[in-house]
Participant: 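Attaching a single structure in structure tokens format; questions to follow.
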Amino acid sequence: MRPFDYRSPADPAEAVRTVAGDPTAVFLGGGTNLVDHLKLGVVGPRLVVGVAGLLSTEVEELDSGTLRIGAGVSNSELAADPRVRERFPVLSQALLSGASGQLRNMATTGGNPLQRTRCVYFQDVTTPCNKRRPGSGCSALGGWTRNHAILGASEQCVAVHPSDMAVAMTALDAEVRVLGPDGERTVPFGALHRLPGDTPERDTVLGHGELITAIDLPALPIARRSAYRKVRDRASYAFALVSVAAAVEVRDGVITDARIAFGGVAHVPWRARRAEDVLRGSEVSDRRYRAAADAELADARPLDGLDGGNGFKIPLLRRTLAATLRDLVREGAR
């Protein structure tokens, strides 16, 4: 680990000024991702600015019905919040499917969406990686690709975003509240993360020194009938091969509305708008669920690789979406 200076600012505004004033500085919240990267040598900031204790640890209900989640709320606390469990079960389930209990106790609402890819080549500083060192190449191409993207990738990067919480937040149309050098702004959660394109080193649209202070969950009646399904190699402490966050509204056997997002398949939490369009106004049936998945996967580009590639993700995601929707519709009919 490279040596660095550490500062504890008095408030979020001071933290933002401090990081914005040093191009090598980074924020440190729960540290569940950054500390790993410091140890591995993936990052080498000269200054680390602690924000733990500066950000709200409250889940506040606004007059509009929106839940404002402070960036300092831990993943464990958010998953256990009775309002989240009742009104946004997809989010509670997504949080509980991520990492271990110890890590969920440390990980924060503001930090979780900003965790970086778990691509083995990104974490191995002895290999070329455009995300870690722009212009050096992508070692995953032609390498070990089983866990990599089938949607939205580029020749520069085929890594996937690891957060389960972010997939649920994307489906729920959450909004991110950000404090930066120029003041406050809000970013739709679905617009927070970037596809790799030619600049895979940029994970999000946040500028240097911008700090997430809260995430707003709008009142969304459809979210009461929602679920998160994660398919992984083992039952715990594993990242998604594919995952589905879904919410549906059904009346008289017809899907009147749907919200869907995928995880484990792209550089961003993937909002499945084509699938949603296919489902709206259709009768509930496995055939329609598969058609929705096929519409979203029409542009999927599976990768070959030393491990057999990741083409299996296409039928796996199709079945996972169908199973999730089937269970939600059945549950609502009880």
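We use all heavy atoms of the structure for the numbers below, so side chains are in, but hydrogens, waters and symmetry mates are not.
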Participant: Look only at the side chain of S92 and the backbone of A79, and say whether a donor-acceptor pair between them is shorter than 3.5 Å.
Facilitator: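 Looks like yes, one N/O pair under 3.5 Å.
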
Participant: Please confirm whether the backbone N or O of Y121 pairs with a side-chain atom of T127, one donor and one acceptor, at under 3.5 Å?
Facilitator: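 Yes, T127 side chain to Y121 backbone: donor-acceptor pair under 3.5 Å.
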
Participant: Got a salt bridge between R177 and E175, using NZ or NE/NH1/NH2 to carboxylate O under 4.0 Å?
Facilitator: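 No, this pair does not count.
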
Participant: Would you please indicate if the ring centroids of F122 and H37 are separated by under 6.0 Å?
Facilitator: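 Yes, the ring of F122 comes within the 6.0 Å limit of the ring of H37, centre to centre.
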
Participant: Is any NZ, NE, NH1 or NH2 atom of the basic residue among R185 and E210 found under 4.0 Å from an Asp or Glu carboxylate oxygen of the other?
Facilitator: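 Yes, this pair counts.
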
Participant: Is a side-chain donor or acceptor of S74 paired with a backbone partner of E77 at a separation under 3.5 angstrom?
Facilitator: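 Yes, the answer is positive, given that a donor and an acceptor are paired below the 3.5 Å cut-off.
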
Participant: Establish whether L151 and L303 are linked, either directly or via other cluster members, by ILVMFWY side-chain heavy-atom contacts under 4.5 Å.
Facilitator: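 No, L151 does not connect to L303 through the hydrophobic network.
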
Participant: Between the side chain of N130 and the main-chain N/O of S136, is any donor-acceptor distance below 3.5 Å?
Facilitator: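 Looks like yes, one N/O pair under 3.5 Å.
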
Participant: Between the side chains of R259 and D173, is the shortest nitrogen-to-carboxylate-oxygen separation below 4.0 Å, so that they form an ion pair?
Facilitator: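 Yes, D173 and R259 are salt-bridged.
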
Participant: For D22, is there an ion pair with R7 - N to carboxylate O distance below 4.0 angstrom?
Facilitator: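 Salt bridge between R7 and D22, a charged N being under 4.0 Å from a carboxylate O: no.
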
Participant: Per the side chain to side chain donor-acceptor pair (under 3.5 Å) rule, which among R194, K131, H148 passes with H267?
Facilitator: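 Among the candidates, only K131 passes.
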
Participant: Flag the pair E296 and R273 as a salt bridge only when some basic side-chain nitrogen lies within less than 4.0 angstrom of an acidic carboxylate oxygen.
Facilitator: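 Looking at R273 together with E296, the answer is no, because their closest N to O distance does not fall below 4.0 Å.
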
Participant: For H193 together with H161, are the ring centres under 6.0 Å from each other?
Facilitator: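 Centroid distance H161-H193: below 6.0 Å, so yes.
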
Participant: Indicate yes or no: does D307 engage R146 in a salt bridge with an N to O separation below 4.0 Å.
Facilitator: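 No, D307 and R146 are not salt-bridged.
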
